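Take a look at the structure below.
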Number of protein chains: 2
Amino acid sequence: MHHLGLDVGGTNLAAGVVDEEYNIISKLSIPVGENRTIEEITNDMVWISKEVIKKAGLSMDDIPSWGIGMPSYVNPNTGLLVHANCFGWKNVPIFRYLENRLPVKLFIENDANCAALGEMLAGAARDDDNAIMLTLGTGMGGGIIIDRKIYCGADQMGAELGHVKLVYNGVPCTCGQKGCAEAYCSATALIRQMKEAVKKNPESVIWELCEGNPDALEGKNLFDAVKLADTTAEQVLEQYVEYLSCAISTYIVLFRPDKIILGGGIAEAGELLLKPLRERIVPNTFAGNEIGVPNIVAAKLGNDAGIIGAAFLDTYGTVRRRKSDGR
Amino acid sequence: MHHLGLDVGGTNLAAGVVDEEYNIISKLSIPVGENRTIEEITNDMVWISKEVIKKAGLSMDDIPSWGIGMPSYVNPNTGLLVHANCFGWKNVPIFRYLENRLPVKLFIENDANCAALGEMLAGAARDDDNAIMLTLGTGMGGGIIIDRKIYCGADQMGAELGHVKLVYNGVPCTCGQKGCAEAYCSATALIRQMKEAVKKNPESVIWELCEGNPDALEGKNLFDAVKLADTTAEQVLEQYVEYLSCAISTYIVLFRPDKIILGGGIAEAGELLLKPLRERIVPNTFAGNEIGVPNIVAAKLGNDAGIIGAAFLDTYGTVRRRKSDGR
C-alpha cells in the first residue's frame, strides 16, 4: 500500500507518494503563483496528485486516501477552511472543490500538524508517541502529537502554540493580542530583537553582516555573529533563549511530551540554539530538576515532513470528535 | 454496581459510595490529624472505606474497584507518590501501603484531576466531554478532561495548570519559577494584590472589612467590598480578571475545551467574578471573536467532586501510557 500526501503552502504546492516505511518514493512540486482563484489552485492540487502517482509507477487503485496539509484549519462544524492568509481565503468551502475529484477518501489538516505528524512517524521523534513540534518562522506555529495522533483541541480549532501568553501585556502580536509567545519567539521577533540591539550597538559584527542595513537582517545573521564571538549577538541569543525556553515550559507542564522538535528557519542554527536552550529549559520549567524535561531536537525532514504527515492522515489524523451520546 | 471513592486532603479524609448515576449514597469524613505516620493515615483510608460501604448497606462484593484522589502524583515509572506537601511525603511507595488491603483493584490519582472528572461526570460539565477545571485556592491547580478521560501529559506527571508562564520574569512563584499563573491568579495571589491596594488606599472599605489588619484578609473580602461599590476593590478585581483571563486564554488556545470550570474559594464569588471574566476572555484570547471561547462556569459539586471522580477512576482515569511497541 502507498499513501498520497500534499503539502500546500503559500509559495509551493508539493505532492508525494509515500510507502509504508514512510519513504517518499516520488515527489513533485510546483509554484502556486500569485492572484490565482480557488478553482485554479484546487485544479492544480488534483493535477499534481495524479501526476505524482503516475511518476511513482502506480495507479489510483494503489492509494487508499488523499491527505492534504493546508495553511489553515477546517472548522469541523461548518466544513469551511477558516483562514488561509497566504491565499486571502476566509471560510472557503474547500471540500466542495476537492471532494470526489479523486476516487478516494479526502483528509484535510493544518500543515503544521501534518509536519509534526511526519516528524513523529519518520523524523526527529520517530521513537516517540508524544511530541510537540514548534515551527519558528515568520510566525510561530506547531503541532501536538498525543499517543501518535494529531491533537488540536476538543473543537479541532486549536493548538495555537504561538498564541499562548508569554509576556503579560507585552508587545503586540500579529493576532491582535499582546505578549503572545509568537511575538517573542518567531523568526520575525528574533529579527526585531536583533535590530533593536544593533541600533544600540553599532560596533556589533551584525551590522557588517547585514551591510549596514538592519532591514535586510535575517535570523541566520545572528548565529553567524555568535560564531564570531560577537558580544551583542551573544546577548540577543541569550535573551531569545530565555523567551523560548519559557514558552516551551508552558507546553511541557501541560503536555509533558516525550520530545520537543524545533523546525523552521531558526532551528537550522542547530546546536548553537539547542545547546543553550536545553540548559535554560531545566531551570525555567516547573519541577524541571525534580521530574526532568523532554529533550529538544531539531526537525529532520524539512519540507518532506508535511508530505509524509499528510499522506498518513487517514491513520494518524485528528481523532474526530466523539459526540456526547445524550449523557 | 456501586463505586468507592476516597478524597484524601491535608485536613480531611472523605469516602463515599457512588451509584451508577453519580449520586453519593453514603459518605463519611474524618480529620486526618497532625503529625501522623503514613501507616496511620493509610490504615484510616482502609478503615473509612470499609465503614462507608457498610453505611451504604453494601458489601465489598458490590464494589468493583477502589479509587483514591491524593494531593500528589504517582510517578508511573516508579510507582511512588511524588510529593504530598501537606503530609511532608516525598516519593512515598504508596501502593505498598494500600495494595491488597481491599480485595479490588486500586487506582490512585491526583485529587485535582479527580475533582475535574467528578464535575465532568456529574457537575458543571456533565453535558461535556472536554473540560478544564481550575481550582483557585492557596495554590492554583486543576485538571484536564479530554474525551471524557483525565489527561495529565504523556508521562502522567503533568497538567500543572498553575505553572504555565503568565508574566515573563514576573513575581516569584512558590514553585521557584517566576511569573507562573499561580503567582497571579491563586487566592493567595489575589490576597497579595488586595493588600498592596489597601495599603495605597486606606480609605477603601476593604480596610474596614479586615478590621484594619491586612494580614487577616480573605478573598471573599474583595467581593464583599465590590458589592459595596468600593473603587479600590473594583480596581483590584479588574486587574485580577485580566490576569486570570489571560491565563485561561493559554489553556483555550491549546485545548479548546467545551467548558472551563472554576473551583476553590475564589469561585464562590459566582457571577461577581464570572461575569467580568467572560467579558474579558473574548478580547484576551487568540481569535476569541472569530471562533469563540468556551463558557466559564462555577464548579457545582464542592468537595463531592473529588469523591465522585475518584470512584470512577477505573472507567475514566488517566489513559495509561501506550508503550511504544518497538517502532
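Since this is a predicted model, take the numbers as computed values, not measurements. Here is how names work: the chains are called A, B, and so on, in the same order as the sequence lines, proteins then strands, and each is numbered from 1.
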How close do [X] and [Y] get, counting heavy atoms only, and between which atoms?
X: A154(B); Y: P257(A); answer: CB-CA, 4.1 Å
X: Y151(B); Y: L254(A); answer: CE2-O, 3.7 Å
X: M157(B); Y: R256(A); answer: C-CD, 3.2 Å

Inset, instruction - To the nearest 0.5 angstrom, please state how far the CG atom of D155(B) sits from the CG atom of N130(A). - result: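 Here the interatomic distance stands at 9.0 Å.
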
Inset, instruction - Mind checking the CD-SG spacing from Q177(B) to C246(A)? Nearest 0.5 Å is all I need. - result: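 So the gap between those two atoms works out to 7.5 Å.
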
Inset, instruction - Select one option (side chain, backbone, both, neither) describing which atoms of Y184(B) are under 4.5 Å from chain A's heavy atoms. - result: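 Y184(B) has no heavy atom closer than 4.5 Å to chain A.
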
Legend entry - Heavy-atom contact with chain A under 4.5 Å, split by part of I146(B):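 Side chain of I146(B) only, per the 4.5 Å heavy-atom cut-off to chain A.
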
Inset, instruction - Enumerate by number any residue of residues 286-297 of chain A whose heavy atoms lie under 4.5 Å from heavy atoms of chain B; in the absence of such residues, state 'none'. - result: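 Within residues 286-297 of chain A, the residues that come under 4.5 Å of chain B (heavy atoms only) are F286(A), I291(A).
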
Inset, instruction - Would you please go through residues 160-168 of chain A and name the residues with a non-hydrogen atom below 4.5 Å from one of chain B, in numerical order? - result: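 Counting heavy atoms that sit under 4.5 Å from chain B, the residues of residues 160-168 of chain A involved are E160(A), L161(A), H163(A), V164(A), K165(A), L166(A), V167(A), Y168(A).
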
Inset, instruction - Assess whether atom CD of E238(A) is packed by more than 12 heavy atoms of other residues, nucleotides or ligands within 6.0 Å. - result: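 No, the 6.0 Å shell around CD holds no more than 12 heavy atoms from other groups.
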
Legend entry - Top contributor to chain A interface from K178(B), H83(B), E242(B) [non-hydrogen pairs under 4.5 Å]: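 Option with the greatest count: E242(B).
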
